[in-house]
S.K.: 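Below are the structure tokens for one structure; questions will follow.
Residue indices begin at 1 and follow the sequence shown.
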Amino acid sequence: MNPERRDRLRDAAIAVLAAEGGRGLTHRAVDRAAEVPDGTTKNYFPTRDAVLRAVAERCLEQYAALTTRAAAGPGPADRAELAALFRTLLANVAGPGRPRLLAYLELQAEAARRPWLSALLDPMASGDFAGFEAAQRSAGLPVTRQRAAAVTLALHAAIPHLLADGPETLAAAGLDDLDRFVRDLLDAVYPTGTTD
């Protein structure tokens with residue numbers, strides 16, 4: 001099978017899942033989004049589970065590419081650089097990362113009923129915990145596993161709210177000002193003067 005067409009179908013499936021949700025993810029919808037003849041997606045991915053697996057694997061590839069690029073550079077040197085990094089990541093949610101993250105949230109909902117899918121997605125979430133802990137350590141913060149996990153969980157919890165873009169919810173959570181949100185989060189977990 002043609003690897004370029006396979007990737008085109010997987011990217012189209014991400015776009016469909018992001019735009020239409022789980023119910024809209026059909027072979028025909030992916031064919032239309034990829035602008036290929038009817039039946040092409042079914043030839044590559046014969047079942048709905050095969051399409052879900054293809055989307056999960058593509059999301060994993062994209063996540064790996066992002067984390068590889070991030071790991072290639074030096075980690076944040078201080079608290080301000082860490083805050084800037086987290087702010088950039090959150091801003092990406094409503095920007096170029098939106099389709100991938102919407103698709104990922106749909107996959108997580110599907111994974112609650114499909115253990116095989118949960119196993120595929122697990123490296124992305126666990127990778128965030130490890131990566132964000134390393135970033136906090138690089139910034140010179142007094143990291144413990146619990147503190148690092150609290151920051152990561154808060155960042156993850158922000159994602160669906162940023163995607164939904166409800167102004168009252170964003171204001172209530174402090175997400176209407178990402179710079180302030182990140183500063184407040186770091187101050188809550190690592191109060192100034194914390195050394196242990």
Side-chain angles (χ1 to χ4, degrees), residues 14 18 55-112 115-166 169-196:
I14 288 173
V55 171
E57 289 170 350
R58 187 62 162 172
C59 284
L60 277 166
E61 288 170 13
Q62 292 172 347
Y63 174 81
L66 287 170
T67 56
T68 298
R69 279 196 305 272
D78 57 26
R79 189 182 193 107
E81 285 186 16
L82 180 66
L85 170 67
F86 288 161
R87 192 243 184 260
T88 299
L89 291 172
L90 290 175
N92 181 267
V93 171
R98 183 178 173 79
R100 180 179 51 83
L101 289 163
L102 278 168
Y104 178 73
L105 289 179
E106 291 288 340
L107 288 171
Q108 281 188 311
E110 293 278 350
W116 63 266
L117 186 55
S118 178
L120 270 176
L121 297 176
D122 192 47
M124 289 196 324
S126 63
D128 274 357
F129 281 91
F132 291 171
E133 180 174 338
Q136 291 166 68
R137 201 172 298 287
S138 173
L141 297 178
V143 176
T144 65
R145 187 168 182 227
Q146 293 78 15
R147 286 177 179 153
V151 170
T152 303
L153 286 169
L155 294 171
H156 279 204
I159 291 171
H161 300 299
L162 290 167
L163 291 170
D165 200 27
T169 302
L170 293 178
L175 290 164
D176 55 340
D177 181 340
L178 294 180
D179 289 314
R180 186 186 69 222
F181 174 81
V182 171
R183 277 193 318 271
D184 289 351
L185 171 60
L186 292 176
D187 287 347
V189 176
Y190 299 105
T192 304
T194 304
T195 58
D196 56 4

S.K.: Could you pull out the closest heavy-atom pair between Leu120 and Ala56, with the gap in Å?
M.R.: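 The answer is CD1-CB, 4.2 Å.
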S.K.: Please name the pair of heavy atoms, one in Leu185 and one in Ala154, separated by the smallest distance, quoted to 0.1 Å.
M.R.: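 Minimum heavy-atom separation between Leu185 and Ala154: CD1-CB, 3.6 Å.
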S.K.: What's the spacing between Glu133 CD and Arg145 CZ if we round to 0.5 Å?
M.R.: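 The distance works out to 8.0 Å.
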S.K.: Looking at side-chain heavy atoms only, is the closest gap between Asp128 and Tyr63 below 4.5 Å?
M.R.: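 In contact.
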S.K.: In Å and rounded to the nearest 0.5 Å, what is the CG to CD distance from Leu153 to Gln146?
M.R.: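 That separation rounds to 11.5 Å.
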S.K.: Quick one, Asp176 and Phe181 - any side-chain contact, counting heavy atoms below 4.5 Å?
M.R.: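 The answer is no; the side chains never approach within 4.5 Å.
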S.K.: Hey, could you give me the CD1/CG distance between Ile14 and Leu101, rounded to the nearest 0.5 Å?
M.R.: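 Nearest 0.5 Å value for the CD1-CG distance: 10.5 Å.
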S.K.: Does some side-chain heavy atom of Gln108 sit less than 4.5 Å from a side-chain heavy atom of Ser118?
M.R.: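 No, their side chains stay 4.5 Å or more apart.
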S.K.: Can you see which heavy atom on Gln136 is nearest to which on Thr152, and at what distance?
M.R.: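 Of all heavy-atom pairs spanning Gln136 and Thr152, the closest is NE2-OG1, 4.4 Å.
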S.K.: Heavy-atom distance under 4.5 Å between the side chains of Met124 and Leu121, does that happen here?
M.R.: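 Touching, per the 4.5 Å side-chain cut-off.
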S.K.: Taking the six-membered ring for Trp and the single ring otherwise, decide whether the centroids of Phe132 and Phe86 are under 6.0 Å apart.
M.R.: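 Yes; Phe86 has its ring centre under 6.0 Å from that of Phe132.
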S.K.: Show the nearest heavy-atom pair for residues Pro76 and Ser138, with the distance to one decimal.
M.R.: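 Smallest heavy-atom distance, with atoms named: O-OG, 2.8 Å.
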S.K.: Taking side chain as C-beta onward, heavy atoms only, is Val189 less than 4.5 Å from Leu186?
M.R.: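 Heavy-atom side-chain distance check fails, nothing below 4.5 Å.
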S.K.: For the residue pair Pro99 and Ala18, what are the closest heavy atoms and their distance?
M.R.: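 Reported closest heavy-atom pair: O-CB, 3.3 Å.
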S.K.: Would you indicate whether the side-chain heavy atoms of Val143 and Arg147 approach each other to under 4.5 Å?
M.R.: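 The answer is no, as the side chains (C-beta and beyond) never meet within the 4.5 Å cut-off.
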S.K.: Nearest 0.5 Å, please: how far is CZ in Arg183 from CG in Leu82?
M.R.: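 Answer for the CG-CZ pair, Leu82 versus Arg183, is 13.5 Å.
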S.K.: Would Leu162 and Leu90 count as a side-chain contact (heavy atoms from CB on, under 4.5 Å) if you check the C-alpha gap in whole Å, the side-chain angles of each, and the deciding distance to 0.1 Å?
M.R.: CA-CA 8 Å; Leu162 290 167; Leu90 290 175; 3.9 Å; yes
S.K.: What verdict does the side-chain contact (heavy atoms from CB on, under 4.5 Å) test give for Thr88 and Leu178, after you've listed the backbone C-alpha separation in whole Å, the side-chain angles of each residue and the deciding distance to 0.1 Å?
M.R.: CA-CA 9 Å; Thr88 299; Leu178 294 180; over 6 Å; no
S.K.: Quick one: CG on Leu170 to CG on Asp177, what's the gap to the nearest 0.5 Å?
M.R.: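 Interatomic distance, Leu170 CG to Asp177 CG, rounded to 0.5 Å: 11.5 Å.
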S.K.: State which residues pass salt bridge (Lys or Arg N to Asp or Glu O under 4.0 Å) with Arg79; sequence neighbours excluded, sorted by chain then number.
M.R.: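 Asp187.
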S.K.: So, for Gln62 and Arg100, which heavy atoms are closest and what is the spacing to 0.1 Å?
M.R.: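 Of all heavy-atom pairs spanning Gln62 and Arg100, the closest is OE1-CD, 3.2 Å.
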S.K.: What's the spacing between Leu117 CG and Asp122 CG if we round to 0.5 Å?
M.R.: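 Answer for the CG-CG pair, Leu117 versus Asp122, is 11.0 Å.
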